[in-house]
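Single-structure report; data block below.
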2 protein chains.
Amino acid sequence: MKIIRVMTVDDHEIVRQGINSFINTQENIRIVGEADSSKSAISVAKTIKPDVILMDLQLEHHHSGIEATEAIKQQIPNCEIIILTSYYQDDYIFPALASGALSYLLKDVSPVDLVDAIVKAANKQTVLSPIVANRILKEHYKPAIDPFISLTEREQAILKLIAQGLNNTEISEQLFISIKTVRSHVSNILSKLQLRDRTQAAVMAWQQGIMS
Amino acid sequence: MKIIRVMTVDDHEIVRQGINSFINTQENIRIVGEADSSKSAISVAKTIKPDVILMDLQLEHHHSGIEATEAIKQQIPNCEIIILTSYYQDDYIFPALASGALSYLLKDVSPVDLVDAIVKAANKQTVLSPIVANRILKEHYKPAIDPFISLTEREQAILKLIAQGLNNTEISEQLFISIKTVRSHVSNILSKLQLRDRTQAAVMAWQQGIMS
DNA sequence: CATTTCATCGGTCTAGAGACCTAGATAAGA
DNA sequence: TCTTATCTAGGTCTCTAGACCGATGAAATG
């Protein structure tokens, strides 16, 4: 079994110590590097090229862990990064994952789960803390509610077609109704949602997650 | 500790047996119901109101597990549903989660992980098999590339404004250029991307994940 | 120096979009 | 039964969008 080379990034030494001391009891995982800042994380990573990095987001009093993640993933694509932090706000989760992190764990994970996540990371498999998974699902499956429900079924159907880029003629053909009827519905939709034109309607539909 | 009441839905009795036999060795989990079809799943669930349902997608030779999930979540919102299936194609994952399932596990999960998922489900926490989590992340963080790069910087900037719902006048004010210039850029964008109108451009931008 | 690309701006013309008003058919509900 | 909501459809009018034409200056590139 190949040994997984891990690096920890956290600005509190005590935290790194805690993680390291536990990880090192594992036979197949070894801590090969540490860093306490964004800058040092990037340079150390470039030197030792670890398989997996445990990265805190909060470094030096601002969340520069994201910048570090982005830089490292760009320069060492094979190195997988696990975010290990205490924050589970959307503001942290989504930028972190967008910056290239593979997994996102909260610091209340059990040591067993942490080891599990490291092993999975070495195999390019994502692990998310339950609360994080929840947030992501909610983000991608926002309930089709809010402004949307004020629309009738027909209007909702037409809005979806607008949000696919169809013009009035195509919508009328798709639904087997006259163009004039489509125009009436579109006008009502825009009026109800307080939007100016079909482009804004399409944008709203995508922003609200109504479209896939 | 409260006992978690679980129901299994699978059209193969042998599978249900396997799950049940293991689950029942757990002290805090009890199997309180079974079903082998979409219809029976809904009616049984309404009767016994389990805390958690383990739901296979493939029932009666088509994936009606999704319909069952949708119906059950609508009628018994407090009941959490874990998809437990062998399929990990996007066609299965996304409709299943959209239908209201809390978690999505592949049938290769270890018994330990399954129990863990059930306990977490009882606490409304999502658990995803690593491969499923990967798919979802990829889906939401599609690289913003392809057609976009063929556009000049200015055109990209204008496309983003279009995709925010701005009209030509607003774009011209935002960028301190004349409306005629905006029109030229818009025409070029539509021509390059082979689109008909600004609405289709906005749709493309959102579909490609260019917009946040 | 010549060429090309890009950003800027103008004019004209047509088709579509959207506002506003009216109105019939149907179905659900008080 | 009366009322209301919804879907359907038409008419008119105005304005925006977009196509197509040309043109200039700047900057990069050969």
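None of these values were measured; they are calculated from a predicted model. In what follows, every chain begins at residue 1, and chains take the letters A, B, ... in the order their sequences are listed.
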Atom-to-atom span, NE2 of A:H185 to C1' of D:dA5 - whole angstrom: 13 Å
Whole-Å distance between D:dT16 P and B:I171 CD1? 14 Å
Is the distance from OP1 or OP2 of D:dG10 to the nearest side-chain N or O of A:T181 less than 4.0 Å? no
Select from B:K180 and B:I158 the residue whose nearest nucleotide in DNA chain C is closer to the 5' end of that strand. B:I158
What distance do A:H12 atom NE2 and A:D56 atom CG have between them, rounded to the nearest 0.5 Å? 7.0 Å
Flag, side chain of A:W206 to backbone of B:V203, donor-acceptor distance under 3.5 Å: no
Measure CD/A:E153 against P/D:dT8 and give the value in whole Å, please. 11 Å
If you measure from the Lys or Arg side-chain nitrogens to the Asp or Glu carboxylate oxygens, is any gap between A:D51 and A:K2 under 4.0 Å? yes
Minimum heavy-atom distance between A:L190 and A:D197, given as atom pair plus value: CD2-O, 3.5 Å
Length of the line joining B:L195:CG and D:dA17:P, which is rounded to integer Å: 17 Å
CG on A:L161 to NE2 on A:H185, rounded to 0.5 Å: 11.5 Å
Distance only, no hydrogens: is a donor on one side chain within 3.5 Å (strictly under) of an acceptor on the other, for B:T199 and A:T199? yes
Could you tell me from which nucleotide to which nucleotide of DNA chain C, 5' to 3', there is an atom under 4.0 Å from chain B heavy atoms? C:dC6 to C:dT12
Over how many whole Å does the gap from B:L190 atom CG to D:dC20 atom P extend? 11 Å
Taking for each residue the nucleotide of DNA chain C with the nearest heavy atom, is it B:R183 or B:L175 whose nucleotide lies nearer the 5' end? B:L175
Could you report the tightest heavy-atom contact between B:P50 and B:V6, atom names first, then the distance? CB-C, 4.4 Å
Salt-bridge contact A:R16-A:D36 (side-chain N to carboxylate O under 4.0 Å): no
Relative orientation of the end axes in the helix from C:dC1-D:dG30 to C:dA30-D:dT1, expressed as an angle to the nearest 10° (five pairs per end): 50°
Indicate whether OP1 or OP2 belonging to D:dT8 is found under 4.0 Å from a side-chain N or O atom of A:R154. yes
Using the closest heavy atom to pick a nucleotide of DNA chain D for each, name whichever of A:I179 or B:D197 lands nearer the 5' end. A:I179
Could you tell me whether A:S184 contacts a base, only the sugar-phosphate backbone, or nothing, with contacts defined as non-hydrogen atoms closer than 4.0 Å? base
Looking across every strand, which nucleic acid part, if any, lies under 4.0 Å from A:T169 by heavy atom: base, sugar-phosphate, or nothing? nothing
CD of B:Q200 versus P of D:dG18: gap in Å, rounded? 10 Å
Can a donor-acceptor pair be found, under 3.5 Å and without considering hydrogens, that links the side chain of A:S129 to the backbone of A:I131? no
Taking all non-hydrogen atoms of both residues into account, name the closest pair between A:N134 and B:K124 and its distance. ND2-O, 3.1 Å
Between atom CG in A:N168 and atom P in D:dA17, what is the gap in whole Å? 15 Å
B:S187 side-chain proximity, nearest of D:dA17, D:dT8, D:dA19: D:dA19
Just how far, in rounded Å, is C1' of D:dA17 from CZ of A:R198? 12 Å
